[in-house]
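Being a predicted model, the structure only gives us computed values, none of them experimental. Chain identifiers are assigned alphabetically (A, B, ...) following the order of the sequence lines, protein sequences preceding nucleic acid strands; residue numbering begins at 1 within each chain.
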Amino acid sequence: MNDFLARLNPEQLQAVTLPRQSALILAGAGSGKTRVLTTRIAYLIQTGEVSPAGVLAVTFTNKAAREMLTRLSAMLPINTRGMWVGTFHGLCNRLLRTHHRDAGLPQLFQILDSGDQQSLVKRLAKAQGVDEEKFPPRQLQNFINNCKEAGLRANAVEAGDEFTRRMVAFYADYDAQCSREGVVDFAELLLRTFELLSRNPDLLAHYQQRFRYILVDEFQDTNKLQYRWIKMLAGTSGCVFAVGDDDQSIYRFRGAEIGNMNELVRDFGITDVVKLEQNYRSQGHILDAANAIIAHNKGRLGKNLWTAEGKGEALRIYAAANDDEEARFIVDEVKALNRDGIALSGMALLYRSNAQSRILEHSLFRAGISYRVYGGLRFFERQEVKHALAYLRLAGNADDDTAFTRVANFPPRGIGTRSIEQLQEAAERGMGSLMHVARAGIVSGRSGASLAAFVAVIDGLRQSAETLRLPELIEEMLERSHLKEHYGAEKDGQDRLENLHELINAATLFADEFEHGLEPAGEAQEDVANLGTPQQQILAAFLSHASLEAGEHEAGTGEDALQLMTVHSAKGLEFSAVFISGLEEGLFPHENSMLEDGGIEEERRLMYVAITRARTRLYVSYAGSRMLHGQPRYGIVSRFVEEIPPQLCKWIVLPERPAPWGRTPKWGGTESASWSTGGGRAPAADPDRYRTPKRSGFERQRPDEQPFAVGQNVRHEKFGEGVVIDFEGRGLDARVQVRFATQGTKWLALQYAKLVAG
DNA sequence: TGTACTTAAGTTTTT
DNA sequence: CTTAAGTACA
């Protein structure tokens, strides 16, 4: 029977077959974490220890949840649809839909994504006359989310100073506004569920009895609230099986607490932690590099990956003169690897921040290499799609002010800022929604008529929403709202129209699956079973789907394409060849992380994650200068490159190219070329092209290395010709003093001033 | 009121 | 370099 146990190694087997007790599995990268998790569930079900309905499995991403379900149905002849396997947010949504009354939410409450949340914060801040200089919306948003993720309502936050007090007051107003509108943000889904269960002992007892086994994926990424949530559901009799890797904790910025691992061990009396250290993914040199780098972190739970496979190839390190060179190098190498038989889809190009993808994309596009960017603008986040969704949201819940302000005057229909302001003032006085006061007809004249027309459109849609099938409802909405007409007339509106058609397609698919009870929509069926008409149910489910899963399943997966993504979104994936680009101080590790304590360690874990994505080939590159916001920035090699033991690496040396500022760079090209980019050879297959130069050639940039020397003639866009007479600082802080012919003497920050050698 | 233009500003990672 | 916000004008 248990043939799926046969393939496990001793540690994996131990974890899977643990007796009924809470456990922490410390699973290194590539050690078969998902396999252990799913096999554990299959094992428990097959041995009759628990029924499928008694399992609660939580992940962080929709992809991980889907993966788990797929593997489970391959292992067991059961219908996985009724199982509670999903993301924290998805499962909370499910609970809140089922118990919306107890949770104090309207039937068709809607979910704000972070964009929606930010516009609500902005709108509210403006209405209250909050000083945007002192309280940037972004900061207010973060404050609110941080509080919620710590499980704190506004009345529970300790405000020591006036500044915090103001933020807390805003937090309270924000929450009040959300409940008036009947919307919840991401963090609210969790907090609200937590409160729902802690306030209803009967309900809690019901779920505690139901979920005999709780399994948590990526446990190191749980925040305080999620941990309390797990602990509460487990109760005194529950059994938690947590799988995680402290070395891969990279989400502290959104509240993840590595400390939860120790908490778990303490709270649940876990005596021994099972460690999975055998790696089935990467070859030896790659693993050695990962181990060496992560060893610089302190306070680790301790783990060393090993592989039964050979050492494999050395890491390739490339020091480019600038970002263009770096991109060109990657393009050449990708081509060569592809000629050698590695599929493009088996290669990944990783970067620290999304901004870096543009130049890489540019080079790839020019070279005719097909590529796919993950995590860019997702389908449901495109503006035309958001506009369309806003109409649908209003059709489901007219009190959704965020949706109202988004489309009241889009397409333009003569409702100006003044009218909206009037509505907002009235809404604030009467504590009603914008739609509510709009109906009252307080705006007079031409604008009033426009507003009435808008209200009529929404009312019409609301009626249609009761009976029409989702795709037809969207068709009608596109007509009545004039969105179709508007984008049809816009000069580059064709793409947008196509996306709107795509939305109809998505809706058709979703509605079909929902009606036939198929995955993934079928899973949501239970969530909304006690609401409104069948068509309203589908609408609500579709809108949740759009917020919670903003288009992960994007098309194009069938095509063979190079995979571009941030290191964060690469977590959990693996590739034959991996390129990690932009290994410069300030970029990776990111400068913002250097201020926070523990920031560098988190960046190092990020690097660890990046390295362990690779199976056989790993490239690490950095650039001496990089265009950022249209200005060159001069970088020095990342400490992480220097933490890789030199014997694991080969440095790639390319011919010299002229530097953009007209002087010989100290970057790359200090030795003669061992190959030429123009050469017709397949470089990746040619061992001669790699040299291992003396380390000294790649030391960090020295403080006296400035792009401009004293005495040099320069030109500034506004100030004209001048001569450099002094400089101070380096890197991002570098400033030069320039005496201009006509404008006197000025200090200029190199980071900002457009200074050209002249 | 809406549009077309200018200017300023900002840029980590995401369910 | 892109995007957002602000201003002038029709």
Close aromatic pair by centroid cut-off 6.0 Å: A/Phe510 and A/His545 = yes
Hey, does A/Glu596 reach any base, or is it just sugar-phosphate, or nothing, if we go heavy atoms under 4.0 Å?
-> base
Nucleotide C/dC1, atom P - distance to CD of A/Gln356 in whole Å = 18 Å
State which residue, out of A/Val567, A/Ile250, A/Ile580, fulfils the side chain to side chain contact (heavy atoms under 4.5 Å, CB included) condition with A/Met607.
-> A/Ile580
From C/dT2, B/dT1, B/dT12, nucleotide with atom closest to A/Arg358 side chain = C/dT2
Using a cut-off of 4.0 Å on non-hydrogen atoms, how would the nucleic acid contact of A/Asn409 be classed: base, sugar-phosphate, or nothing?
-> sugar-phosphate
Under 4.0 Å between a side-chain N/O of A/Ser419 and OP1 or OP2 of B/dT1, yes or no?
-> yes
Using a cut-off of strictly less than 4.0 Å, decide whether A/Lys122 has a side-chain nitrogen or oxygen near OP1 or OP2 of C/dA5.
-> yes
Donor-acceptor pair (no angle test) under 3.5 Å: A/Arg352 side chain, B/dT13 base | yes
With a non-hydrogen cut-off below 4.0 angstrom, is A/Arg138 in contact with a base, only sugar-phosphate, or nothing?
-> base
Name the nucleic acid region contacted by A/Lys571, choosing base, sugar-phosphate or nothing; use a 4.0 angstrom heavy-atom cut-off, strictly under.
-> nothing
Could you tell me whether the phosphate oxygens of B/dT14, OP1 or OP2, come under 4.0 Å of any side-chain nitrogen or oxygen in A/Thr566?
-> yes
Indicate yes or no: does A/Asp175 engage A/Lys148 in a salt bridge with an N to O separation below 4.0 Å.
-> yes
Give the rounded distance in Å between these two atoms: CD of A/Gln383 and P of C/dA4.
-> 9 Å
What does A/Phe60 touch in the nucleic acid at a heavy-atom separation under 4.0 angstrom: a base, only the sugar-phosphate, or nothing?
-> sugar-phosphate
Quick one: label A/Ser114 by what it contacts on the DNA or RNA (base, sugar-phosphate, nothing), any heavy atom closer than 4.0 Å.
-> base
Salt-bridge contact A/Glu218-A/Lys571 (side-chain N to carboxylate O under 4.0 Å) | yes
note: A/Ile359, atom CD1; C/dC1, atom C1'; distance rounded to Å ~ 11 Å
Side chain of A/His590: nearest nucleotide among B/dT15, B/dT12, B/dT13?
-> B/dT12
Atom-to-atom span, NE2 of A/His362 to C1' of C/dC1 - whole angstrom = 12 Å
Separation of atom CD1 in A/Ile415 from atom C1' in B/dT3, rounded to whole Å | 18 Å
Are A/Arg382 and A/Phe379 in a cation-pi contact, defined as NZ or CZ under 6.0 Å from the six-membered ring centre and within 45° of the axis?
-> no
What nucleotide, of B/dG2, B/dT14, B/dT1, holds the atom closest to the side chain of A/Pro412?
-> B/dG2
Under the criteria of a ring-centre distance below 5.5 Å and an interplanar angle below 30°, is A/Phe253 stacked with the base of B/dT13?
-> yes
Expressed in whole Å, how much space separates the C1' atoms belonging to B/dT13 and C/dA4?
-> 22 Å
Return the value, rounded to whole Å, for the distance between atom CG of A/Asn142 and atom C1' of B/dT13.
-> 12 Å
Please determine if a side-chain N or O atom of A/Asn354 lies less than 4.0 Å away from the OP1 or OP2 oxygen of B/dT12.
-> no
By nearest-nucleotide position on DNA chain B, the 5'-leaning member of A/Phe88 and A/Ser447 is A/Ser447
Atom CG of A/Leu573 and atom P of B/dT13 are separated, to the nearest Å, by 17 Å
When the distance from CD1 of A/Ile250 to C1' of B/dT12 is rounded to whole Å, what number comes out?
-> 12 Å
A/Lys386 atom NZ, neighbour heavy-atom count above 12 within 6.0 Å = yes
